[in-house]
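Small disclaimer: the values here were computed from a predicted structure and weren't measured. A, B, ... follow the sequence lines: proteins, then strands. Residue 1 opens every chain.
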Amino acid sequence: MNKIVTRFPPSPTGSLHVGGARTALFNWLYAKKHGGTFILRIEDTDKERSTQESTDTILDSLRWLGLSWDEGPFFQSQRAEIHWSFVQRLLNTGHAYWCACTPEELEKKREMAMKTGGKPKYDGACREAGLARRPGAVVRLKAPMTGVTSFTDAVKGAIAFDNAELDDLVIWRSDDTPTYHLAVVADDIEMGVTTIIRGDDHVSNTPRQILIYEALGERPPFYAHVPMVLGADKKRLSKRHGAASVTEYREMGYLPAAVLNYLARLGWSSGDQEFFTLTDLVEKFSLENIGRAAGVFDPGKLLDLNGEHIRATPTAELVAPFALHMKRLGIEISDEKHTLAVIETLKIRSKTIVEMAEKALFYYKDPAEFDDKARKCLVPALAAPVTELLARLKETDFSDHSRLEAAFSAVMEAHNLGFGKIAGPVRAAVTGRTASPGMFEMLSALGREKTLSRLEAALKLMA
RNA sequence: GGUCCUAUCGUCUAGCGGCCCAGGACACCGCCCUCUCACGGCGGAGACACGGGUUCGAUUCCCGUUGGGACUACCA
């Protein structure tokens, strides 16, 4: 078999959608798995809606996800000569013709056809007219009117369309630009694309494109149509369903690995395995295991998976994203070793890096206030033991958990208290809340100085 | 309307004729662990859309019905 070439062709009309990201991932995985090439092509032929900003965020999202491309990015808008040369090939071989029907006329005919129960397709008025190029004219493909166009889809199996259902589609516009179908086919041929993995909203477009390949005398590529990603209401996923773009997940503190893992599992599976690293995915991915039905995007499951990835990621790799989100909270991270200790205490209790950053705040700033439940832990009855603990802690080595533990034990014994009793006010004093990492690892990461000053401050409230 | 695609717990899915009175994961509900919060462990509730076939035997194959989706542009 020849070398595999896949491609991801986003339109720069917005940010990278999670559905698009999944398509990109599948193409990337398939290329990687087979030692092939993954091409990035920006389909910016719609001048009205394409923006440079969109292109930038799409590239940015792809980089963040780690889906690097081997070739490109190519910009379709810069390839007009190539597209035109394909149209000429078609014109010269009699597989295409100039059509002078105006959009208004066509619209009228469509309406008429609809009313009389006919098909709203082009009636072929100029098909045999032998028109020459003229202002305002378009080029149409001279498609077969009978027969069947079929293909074998890697995920859906055999699919066939009656050519009678298709019409002579426009391939070159009156403003001298190619239409989508022509541009895609021309570019895919020209770039040597062998396998097209795309959303199944393109299934009905496939026969039209195959017809172009055939008219050109080229062999169509292999197709794999991946089912759509839906929102909770089973409608196509959009902004209305909440976060739908990759950048939003980055902002919310998700790890690329988790997003990729989730996206891969939405519509694809490998037995009962749920957790995958990128390496796993490359190894296990296959078109055959892509499901056929559309799937609902479940933010809750992504969240859980993100927590799993955070736990599975070496702490050192969490420092950069953590520092980024701390910075947004106004905290500048400098001491790497200390940061490692901080993250270590928060890893298993954070589902996102944003959550981790918020939970880490108390390590850097004294609690400005105590929440209600924490306030209730600061009772006068416990002032004495806390005072004694404070005294002992002054002499304790904070880097050693067992020393900290010994200090607590001594106080517990002297005052005949359970650990929970003494931990309550300490936790409240140190964090301002009633939820925190384990006491000793926390105090150790916090350090003696801050611990002591916070206990002193809390003691005043306990009097 | 026409054409095409599609249908297993609320959600993502395993299942590729008997291993399934259907397995895993998220969410949910109990219990356990426990200094809090998490993590983890154990248990519970929860699905083969419906109707016909084919077959000794259908979740699995075929045909309908119904539901969902896509396409039907000089948008991609």
Rounded off to whole Å, could you give me the [atom1]-to-[atom2] distance for the [X] and [N] pair?
X	N	atom1	atom2	answer
Ile159(A)	C4(B)	CD1	P	11 Å
Asp200(A)	U3(B)	CG	P	19 Å
Asp233(A)	U11(B)	CG	C1'	13 Å
Lys235(A)	U11(B)	NZ	P	15 Å
Asp304(A)	U13(B)	CG	C1'	15 Å

Quiz prompt | hbond_proxy Glu165(A) side chain to G2(B) base (donor-acceptor, 3.5 Å cutoff) | solution = no
Quiz item: Is the Phe297(A) ring parallel, tilted or perpendicular to the Tyr262(A) ring (thresholds 30°, 60°)?
Solution: perpendicular
Quiz prompt | Sole candidate of Arg427(A), Arg349(A), Lys359(A) that passes side-chain hydrogen bond (donor to acceptor under 3.5 Å, both in side chains) when paired with Ser436(A) | solution = Arg427(A)
Quiz prompt | Electrostatic pair Arg110(A)-Glu107(A), nearest N-O below 4.0 angstrom | solution = yes
Quiz prompt | Phe419(A) and Met439(A): CA distance, side-chain angles, deciding distance, side-chain contact (heavy atoms from CB on, under 4.5 Å) verdict | solution = CA-CA 10 Å; Phe419(A) 185 76; Met439(A) 187 58 65; 3.9 Å; yes
Quiz prompt | Residue Pro120(A), side-chain atoms from C-beta onward, closest of U72(B), A70(B), C39(B) | solution = U72(B)
Self-check item: Below 4.0 Å: OP1/OP2 of C37(B) and any side-chain N or O of Ser436(A)
Solution: no
Exercise. Select base, sugar-phosphate, or nothing to describe what Arg292(A) touches, counting heavy atoms under 4.0 Å on all strands.
Key: sugar-phosphate
Quiz item: Can you tell me how far C1' in C48(B) sits from the matching atom in A22(B), rounded to whole Å?
Solution: 8 Å
